[in-house]
Amino acid sequence: MTEPVSPLRLPPQATDAGQRMQQYPPPETWDDWVEWDQRQWPRKVPRHYMLVPTVCFNCESACGLLGWVDKETFQVRKFEGNPAHPGSRGRNCAKGPATLNQVNDPDRILYPLKRAGGRGEGRWVRVSWEEVLQDIGGRIRRALQEGRHNEVMYHVGRPGHDGLMEWILPAWGVDSHNSHTNICSAGARAGYAFWMGFDRPSPDHAAANVILLISSHLETGHYFNPHAQRIVEGQMAGAKLIVFDTRLSNTASRADTWIAPWPGSEAAILLAIANHLISTNRYDRDFVRRWVNWEEYLRLVHPDSPVTFESFETALKSLYAKYSFEFAARESGVEARLLRSIAEDVANCGGKLAAHNWRSAAAGNLGGWQVARCLFLLSVLTGSIGVEGGTSANAWDKWVPRPHRLAPHVKRWNELTWPGEYPLSYFEMSFLLPHFLKEGRGKLDVYFSRVYNPMWTNPDGFTWLEVLRDESKIGLHVALTPTWSETAWWADYVLPMGHGSERHDLMSQETHAGQWIAFRQPVRRVALERIGKKVHRTYEANPGQVWEETEFWVDLSWEIDPDGSLGIRQYFESPYRPGERITMDEYFGWMFENSVPGLPEAAAKEGLTPLAYMRRNGAFEIRAGAEAEFERPLSPEEVAAAHVDEKTGILYTTAPASPPKNIVPTPAPVATGLGRPIGVMIDGVPQFGFRTPSRKLEFYSTTLAEFGWPELAIPEYIRSHVHPDLVDRAANEFVLLSTYRLPTLIHTRSANAKWLVEISHSNPTWMHTSDAARLGLATGDLLRVATEIGYFVDRVWVTEGIRPGVIACSHHLGRWRLAEGEGTSRMASALVELKESGGRWDLRQRKGVGPYKSSDPDTERIWWTDAGVHQNLTFPVQPDPVSGSHCWHQKVKVTRAEPEDRYGDVHVDTRESHEVFKRWLALTRPPKGGWRRPHWMLRPFRPDAEAYRSAPSPRAGVSGRSQ
Ligand code: SF4
């Protein structure tokens with residue numbers, strides 16, 4: 001028992017309660033911070049903590065955390081914000097501190113498990129990491145030796161790191177990366193990328209005059225907490241906040257102007273605003289003249305017009321004249337006068353428009369990518385690109401350090417992830433994988449699912465189940481996951497990987513106008529190493545034998561190529577000890593020393609190595625403020641080594657490029673035979689320009705035109721698959737919004753965080769009062785929501801907070817498990833019965849949530865019973881033919897539940913879902929040979945240029961422009 005001590009005997013920082021409550025412990029005290037032990041109250045018993053910075057892993061924002069390690073037990077006591085982190089600045093959302101729940105989750109997977117019975121039977125045996133590495137490594141080695149590279153696939157949900165797999169997978173020589181992007185941000189990415197090459201925006205909310213959001217950004221957006229705090233700062237400084245959200249979200253409630261448009265009409269509204277700017281001549285003429293590819297547009301589309309800016313302005317006026325406020329009002333259901341007032345606000349933004357769309361409308365609709373393209377048109381017209389208070393490209397505000405050694409681009413192309421039908425997709429057509437496997441387009445020998453739960457998260461989960469259980473389609477399924485999931489249940493290996501405080505990763509995000517990197521650390525390992533304990537592998541310091549991916553991949557790579565004969569091992573050797581296996585200190589330390597500008601100097605000032613600096617502070621600010629790459633004047637040396645193409649003004653060089661220290665994904669240079677483009681002449685001045693084929697902002701996308709979509713090459717409005725004309729409201733048809741997130745949950749892992757589940761555990765279907773009255777429904781009544789392939793049964797929540805004709809259901813809930821006491825967390829999932837007959841699936845909840853005994857006494861205090869309803873199972877895949885994005889919104893028919901229906905019931909016919917897949921596939925316009933994809937466009941894990949070639953192309957111009 002520790003004796004009570006007088007405050008006088010405590011370090012000075014612990015005696016000032018006010019300071020302690022209101023400020024973060026100063027960094028110089030992080031080795032030994034003292035606080036009273038609250039459990040000993042009223043006695044004053046000090047507890048000593050070591051504060052170790054790390055990075056939250058519960059969403060993509062990468063906020064800083066401080067892990068409070070009790071120096072007596074070396075257990076993590078709590079997580080608070082890291083004030084040294086430039087993105088989050090010491091603040092977190094509820095999910096950050098709840099990392100503690102995940103670490104202490106009584107149901108977590110603590111040891112590597114191997115399937116003991118048939119797939120999905122739920123019988124497992126504990127195995128050693130050595131056995132795991134040998135078995136999987138040997139299997140991959142055989143696949144590579146036999147030329148079956150495309151049978152190895154890595155499929156990630158939440159990456160949580162930058163640059164890691166770009167190091168690992170090319171070293172194996174595989175084109176095997178698969179992501180969740182096309183059920184998430186593909187639409188927005190495509191819309192931005194056709195403009196500027198980069199596929200995401202970086203708005204400077206804090207300094208904006210007008211903030212325009214097409215999302216519930218303040219509560220769940222991309223990047224949630226760092227953006228939210230800056231949006232509020234912007235508002236407090238006088239910025240106007242305009243929110244488009246069909247649902248009354250918390251974000252909408254904070255807006256100066258909130259509109260609730262019919263889903264899919266957003267682009268019509270944005271073009272009406274653009275038309276207002278253009279027709280009243282209130283756009284930044286000089287910016288548009290200098291940086292938009294209007295000359296190219298005129299030459300290709302109006303060859304008879306003089307190539308003058310005035311004739312472009314005439315064309316622009318006529319192109320968008322049809323988008324009146326009255327037209328947009330008819331499409332959206334929002335009054336024209338409101339749209340006009342928003343347009344006035346945009347017109348008066350003074351070149352400081354911070355605008356963002358990520359998921360929401362871009363992820364909901366057929367043609368959703370045009371929502372982002374039309375939104376960015378407003379940024380362009382107002383001259384708000386790359387300036388303070390405006391909107392930048394993500395890559396200008398992000399830094400991904402180059403590791404000591406990278407393999408060359410692989411010479412393979414994987415048609416399972418990059419099928420010929422979708423040459424412009426952003427990115428892998430991951431949610432179509434089970435249909436491709438069903439069609440026999442290929443098979444997988446080793447399939448890694450990593451922090452990914454496609455059976456539950458993706459649309460059409462039962463089709464996933466059908467292929468996951470089929471060993472002829474997936475030979476070995478390895479689930480790398482911190483928690484049980486519906487998908488992991490059907491794995492052959494379940495390998496426990498660390499939460500945010502149990503792993504190393506580098507992160508950098510475009511959270512604001514600036515540039516930073518942050519270092520996620522295994523907190524307990526770092527604390528043990530600070531007191532001199534040697535830890536060889538992170539699983540020695542984590543709970544049970546929970547590991548981390550970075551070390552796992554290094555060891556697995558050595559196992560695949562133990563003698564180096566495959567040429568793989570060389571990439572995983574130490575840069576400091578030739579021929580020896582690289583350590584985590586060496587991998588990260590080398591990047592901090594060599595690839596992060598300013599970090600070595602900042603560390604030296606404090607007498608630290610760059611690695612020690614990052615281990616102590618957890619983050620480093622590379623740059624503060626906006627910086628636009630495109631305006632950089634070329635140096636005299638660059639100009640001297642270049643020649644100008646007089647027709648386009650593009651400067652080319654034949655000098656070799658030096659490898660960049662920042663390996664953030666960028667578009668590839670558009671080589672044309674004249675050399676490598678390095679800039680463009682703007683008013684006689686050589687500047688860097690944009691990384692697009694024209695080197696300018698592409699109002700007219702030659703890429704879209706050449707790859708089969710000439711009518712969509714400029715920002716246009718595409719009628720959604722849920723356009724009001726297609727929804728028969730008299731027949732009780734509705735649009736179902738299924739894309740909204742709850743601020744307290746993430747897709748899979750929050751089910752293992754008791755604080756979060758206690759707050760959020762229901763997803764009733766929102767319905768407007770007028771619709772509910774028509775259907776005779778009251779809050780709490782059961783309703784059946786029928787999609788094209790099945791139905792689900794949910795309770796209704798009657799509210800004024802949604803547009804009539806539209807219903808909404810959050811996609812975070814409805815977790816389920818097949819066995820009592822095992823699988824998906826018991827505090828968040830229903831025990832279900834699953835029946836199948838010839839592709840017809842029925843899921844019925846046998847038992848909801850309830851108290852249970854575990855190592856955590858809180859599980860006996862569980863008071864809630866609801867686990868929500870799994871709606872995504874009933875959604876067919878609906879891939880947009882251009883961006884490849886799944887179009888999440890559903891046209892549904894709503895009725896009162898049938899007498900035999902029970903809450904949570906799900907019925908699906910996967911034969912029908914395959915037919916829907918084929919129907920949407922038929923919308924595509926695959927290039928007829930030539931190029932699988934424009935080489936210049938972003939592609940993660942870009943293969944060698946030669947791999948982009950397919951059969952010779954009959955389509956003129958495709959190869960030249962695109963390469
Ligand atoms: S926004 Fe919340 S969940 Fe996301 S990284 Fe920050 S603290 Fe974690």
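Note that the structure is predicted; figures quoted are calculated from it, not measured. In listed order, ligands and their atoms are each counted from 1.
Geometrically, Arg615 does not engage Phe519 in a cation-pi contact, judged by NZ or CZ lying under 6.0 Å from the ring centre and within 45° of the ring axis.
For atom 2 (Fe) of ligand 1, the closest heavy atom belonging to the protein is Cys93 SG, 2.3 Å. Nearest protein heavy-atom neighbour of atom 4 (Fe) of ligand 1: Cys59 SG, 2.3 Å.
Counting only non-hydrogen atoms, the option in Ile746, Asn225, Leu745 that gets closest to atom 1 (S) of ligand 1 is Asn225.
Distance check for Cys63 against atom 6 (Fe) of ligand 1: an N/O/S atom falls below 2.8 Å. Among the atoms of Cys56, an N, O or S atom falls under 2.8 Å from atom 8 (Fe) of ligand 1.
Interface of Asn92 with ligand 1, defined as ligand atoms under 4.0 Å from a residue heavy atom, comprises 7 (S).
Side-chain polar atoms of Gln509 and Lys398 form a donor-acceptor pair below 3.5 angstrom. The closest side-chain donor-acceptor pair between Tyr539 and Glu551, if any, does not fall under 3.5 angstrom. In summary, the side chains of Ser810 and Asn763 do not present any donor paired with an acceptor at a separation below 3.5 Å, with no hydrogens or angles considered. In summary, the side chains of Asn225 and Ser61 do not present any donor paired with an acceptor at a separation below 3.5 Å, with no hydrogens or angles considered.
When heavy-atom distances to ligand 1 are checked against a 4.0 Å cut-off, Ala62 comes that close only through its backbone atoms N, CA, C and O.
Going from atom CG of Leu756 over to atom OG1 of Thr744 covers 6.5 Å, rounded to the nearest 0.5 Å.
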